[in-house]
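Order of the sequence lines sets the chain letters (A, B, ...), proteins ahead of strands, with each chain counted from 1.
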Amino acid sequence: MTKPKMFEKPSGVRDYLPDAVTKLKYIERQSLNCMSQWGYEQIVTPSMEFYDTVGMASATLDHKLFKLLNQRGTAMVLRSDMTAPIARVASSLMQEAELPIRLSYHANVFRSMEEDSGREAEFYQTGAELIGDASPEADAEVIALSISCLQAAGVKQFKVAIGHHGFLHGLLEQYLPDQDEVQHQLKQYLVQRDVVGYRELVQELAIDEVKKGQLNQILRLRGGIPVIAEARHMAQEESVRASLQHLELLWEVLDAYGVAEMCMLDLSMVGDFSYYTGTIFEGYAADQGSPVMSGGRYDNLLTQFGRPAPATGFALKTTRLMDALRLNEAHQASLPVLIQYDEWRRAEAFQEAARLRAQGERVITRRVNEEEQLEEVERRQDQQLFWRGNRYQEILTFVRFLKEHV
Amino acid sequence: MQDWLKVAMPKGRIYKQAASLMREAGYSILEDEDESRKLLIELPEARMQFIMAKPVDVPTYVEYGVADIGIVGKDVLMEENRDVYELLDLGIARCRMSVIALPDWEPGTYPRVATKYPNVASQYFRERGQQVEVIKLNGSIELAPMIGLADRIVDMVETGTTLRENGLIEQEVIFNITSRLIANRVSYRLKNDAIQKLCDRLQSQIQLTRS
């Protein structure tokens, strides 16, 4: 590789200029505030973890983990999500804390991306985890919270699709017992979103036509609560029935929260993350090509850290939500005040600035040395005040050579 | 127009067959529309907008969600490897991806393969444990073995006429190709009803044609 140019930065990382930061902070503030109102407390964990602990536990594919070596040669990872680090904390530092534990976070996470793929190698996630409650009530709580957060972050039109890990796995086991290879291949097609491949493989299977029809029918189990009744016709295995029961109860709770109309069931959904064990869900916003939120239940993850406990949670893809947000929605309401001063009335000007800042105003100060400098301030036709391209709500002048305010 | 279905249509070889299938399924898009220079075509009665795209760009439009669904050959899907739903095999524009060589081909020390599909070619040979140098060309791939740029090529074969005319032999079929209906992963959920309806209509039309 040639030596990078001075302004170059590694691919996949980006600078956030003030306008972008305004949006980022808005989403962070709004959603963390929302989580706090639901009793979730924010925690911060290190960017770096051991490969053998959090790295291994995380659901990110090994080649997508951002790996590095420390000075002793131990393999490290930059965290790829916050779920595994939180599981580590809940099992160690917070070991004595009684369940359920409600935690929230806002953090940058890292993925190792192929050169020039244009995908982000570092991005932000804001999320919540509810540890120690296996009930449909808990799943519904995090889904309803995620919806509140999306709304608070300014997303107007969205939909949350909900599925269940146990449904598909159980149903394939029921139809194709002891055919692990075929089951795996069918799931793989669904993970890759290759419906054509799935149907072709079903067609080739040595089972009767009715079963084939039902395996294909799984793909159509999408929509409102009637989907559950439809799915019950196929379900014989206990685990499949249990997952449908869980979803039905979950839907009831969502209905009580008043958010069921923003949700849909999708029983063909397979979680992208391998640690999901139960309910899985994804949020989609209009005009965004990929999901803006995802989450699910991961009842086995904490066991890996030595404190077996059920858990469920979600993460907002904060960086993607930034695209959906208009700048004027995120902007602070008031414009800053400009205070101009000269050598002689400096203390007076700073006192005024301090007074205004104490009132919550944003104040920028400017020293002027001669009268001509005051003329840089322009009052445009619609009475808007500008100085060097920036707009101000008010401009105050503290100078001895000119006593009036502009 | 936000709730309209945006459909990326491939210009060129596949277009006529794709458009006629759409027409048979009840969507009145013109079969020679791609000859005009219009890039966007609206079908208000069906609440659809067609985006006339270069075939290799169709999966890109769909992945990024600027098109909700699209029609594209399996060859492009395999090469581009985009994160989209592959919903339906349309059974049109049938052909195959093959390894092609001169009749007197024998394995060389530094085998070179010319192709328009570098990802497909690399993966194919890698999976067979063969180390080859893949050379990306943008057209007239058949020329490569004839003038000694590469000893084999990986390319799409429809009837095989071009190969025969140039004295080339089809060594092995890598996979069969037909056109597919693909969907964006968000649209697949947010515009579920419209996409499912289109899918069903196309599917029953395909079955009708087959039987």
Side-chain angles (χ1 to χ4, degrees), chain A residues 64 114 117-119 155-163 188-203 216-217 219-224 227 262-272 280-294 317 320-321 323-324, chain B residues 1-6 8 59-74 77-78 80-92 119 122 175-197 199-200 202-203 206-207 210:
Chain A
K64 284 192 174 169
E114 283 162 36
S117 69
R119 312 281 164 118
V155 185
K156 284 172 196 71
Q157 230 190 322
F158 61 86
K159 194 128 220 174
V160 177
I162 304 165
Q188 205 50 39
Y189 279 129
L190 293 180
V191 169
Q192 290 165 356
R193 301 179 230 293
D194 184 355
V195 177
V196 174
Y198 176 91
R199 280 218 208 89
E200 281 172 357
L201 180 54
V202 167
Q203 204 49 48
N216 283 331
Q217 190 61 24
L219 300 169
R220 284 174 166 272
L221 293 175
R222 296 187 286 135
V227 164
M262 284 162 240
C263 300
M264 66 181 277
L265 292 167
D266 184 342
L267 296 180
S268 69
M269 200 150 106
V270 274
D272 285 347
I280 39 183
F281 53 93
E282 260 184 347
Y284 312 95
D287 295 328
Q288 292 295 309
S290 44
V292 291
M293 181 273 286
S294 70
K317 322 268 176 193
R320 283 185 199 148
L321 287 175
D323 290 337
Chain B
M1 246 178 65
Q2 238 212 346
D3 57 334
W4 285 28
L5 210 53
K6 292 181 291 243
T60 314
Y61 290 173
V62 173
E63 183 184 26
Y64 282 87
V66 291
D68 298 309
I69 55 172
I71 291 178
V72 66
K74 183 71 176 170
L77 283 179
M78 296 291 279
E80 293 289 308
N81 204 9
R82 295 279 176 181
D83 187 6
V84 294
Y85 274 97
E86 193 177 324
L87 293 182
L88 201 58
D89 182 347
L90 300 176
I92 54 168
N119 293 331
S122 313
F175 53 82
N176 288 312
I177 300 168
T178 45
S179 297
R180 307 293 162 99
L181 180 74
I182 59 170
N184 172 268
R185 52 192 292 213
V186 174
S187 308
Y188 183 61
R189 301 266 158 51
L190 287 183
K191 298 184 179 176
N192 178 23
D193 295 343
I195 292 176
Q196 194 60 55
K197 195 175 120 198
C199 229
D200 290 347
L202 285 174
Q203 194 163 22
I206 295 162
Q207 270 158 3
R210 269 190 200 151

Check this for me: does any side-chain nitrogen of one of A/R220 and B/D200 sit under 4.0 Å from a carboxylate oxygen of the other?
yes

Chain A contact via [X] - side chain, backbone, both or neither, heavy atoms under 4.5 Å:
X	value
B/V84	backbone
B/N184	side chain
B/E63	both
B/L190	side chain

Return a table of donor-acceptor pairs under 3.5 angstrom between the side chains of residues 195-202 of chain A and protein atoms on other chains or two or more places apart.
unit_1 : atom_1 : unit_2 : atom_2 : d
A/Y198 : OH     : A/L215 : O      : 2.9
A/R199 : NH1    : B/L87  : O      : 3.4

May I ask you to name which of A/A161, A/S290, A/P291 has the most heavy-atom pairs under 4.5 Å with chain B?
A/P291

Considering residues at least two apart in sequence or located in another chain, which fulfil the side-chain hydrogen bond (donor to acceptor under 3.5 Å, both in side chains) criterion with B/Y85?
B/R189

Heavy-atom proximity to chain B below 4.5 Å, by part of A/Q192
backbone

State, yes or no, whether a side-chain contact exists between B/Y188 and A/R193 at a heavy-atom distance under 4.5 Å.
no

